[in-house]
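Take a look at the structure below.
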Amino acid sequence: LPPKGTGGNTEYADARTAFDELPEDLKNELLDKDYVVCHSLYHSRKLASPQSLPGVNPEDHFMSRHKLVQRHEPSGRMNLYIASHAHHVEGVCPERSKEIIDTVYKHACQPKYVVSIEWKNNNDLIMWDNTCVMHRAAGGSFEGKYKRDMRRTTVHDGSIHAWGLNEKTTDRMGSVNDMDRRLRS
């Protein structure tokens, strides 16, 4: 863990409440159009660090497809399926696609939807439902000086949205092994 007070928290954004509080015109558009968003881990990595993955074009690689608005089965509430890996909206011109993604993402990341968890001990554990929250590592003065080494275990979602609109496979997009394998191929 980075030293206390130097950052490195994990932030979680509630995508259900963010959906509830969308402007009505945007909420109606999202429900009426039933947009499908293509997600790319490569896109996310390149946004976070533009110099990373030189020569890799996210559009040349697999993108997972998920409806932008989904019903979160455990709560029954509507949910925004959005994050930094949202690359484009299918069937929408690039300019409008970027506008939709940027607007929805910015809305869902407002401080009123976010909780920041400070890591205090090396054995701290946090559990969350990845189907209705976004998460990210927060920056801080530790960056470039200290490591923030986190280990993650993911349990596969058993809901009807678990695979999105993708083929069911044992391949899990986003794992380190998956990224390494895809870059070598």
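Note that the structure is predicted; figures quoted are calculated from it, not measured.
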Would [X] and [Y] count as having a side-chain donor-acceptor pair, cut-off 3.5 Å?
{"X": "His161", "Y": "Asn79", "value": "no"}
{"X": "Asn166", "Y": "Ser64", "value": "no"}
{"X": "Arg148", "Y": "Thr6", "value": "no"}

Are Asp102 and Lys98 ion-paired here, with the side-chain N under 4.0 Å from a carboxylate O?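 Between Lys98 and Asp102 there is a salt bridge, with a charged N closer than 4.0 Å to a carboxylate O.
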
Contacts of [X] that satisfy salt bridge (Lys or Arg N to Asp or Glu O under 4.0 Å) - sequence neighbours left out:
{"X": "Asp34", "result": "Lys67"}
{"X": "Glu24", "result": "Lys27"}
{"X": "Arg96", "result": "Glu29, Glu99"}
{"X": "Glu143", "result": "none"}

Going by salt bridge (Lys or Arg N to Asp or Glu O under 4.0 Å), name the pairs with one or both residues in residues 71-82, residues two or more places apart or in two chains.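 Pairs touching residues 71-82 that pass the test: Asp20-Arg77.
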
Hydrophobic clusters here meaning ILVMFWY residues chained together by side-chain heavy-atom distances under 4.5 Å, can you tell me if Val92 and Leu30 are in one? yes

Quick check: is Val89 connected to Leu22 through a chain of hydrophobic side chains (ILVMFWY, heavy atoms under 4.5 Å apart)?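 Result: yes, single cluster for both.
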
Can you list everything that forms a ring pair (Phe, Tyr, Trp, His ring centres under 6.0 Å) with Tyr12? Sequence neighbours excluded, please. Trp128

Indicate yes or no: at least one non-hydrogen side-chain atom of Leu68 is less than 4.5 angstrom from one of Ile100. yes

Residues in side-chain contact (heavy atoms from CB on, under 4.5 Å) with Ala86, at least two apart? Val37, His39, Ile82, Ile101

Just to verify, what does Asp124 make a side-chain contact (heavy atoms from CB on, under 4.5 Å) with, not counting sequence neighbours? Trp119, Lys120, Asn121

Who pairs with [X] by side-chain hydrogen bond (donor to acceptor under 3.5 Å, both in side chains), at least two apart in sequence or on another chain?
{"X": "Asp149", "result": "Arg151"}
{"X": "Asn57", "result": "none"}
{"X": "Gln110", "result": "His107"}
{"X": "Glu21", "result": "Lys112, Tyr113"}

Minimal non-hydrogen separation, Leu47 against Ser84, with atom names: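 Reported closest heavy-atom pair: CD1-O, 3.5 Å.
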
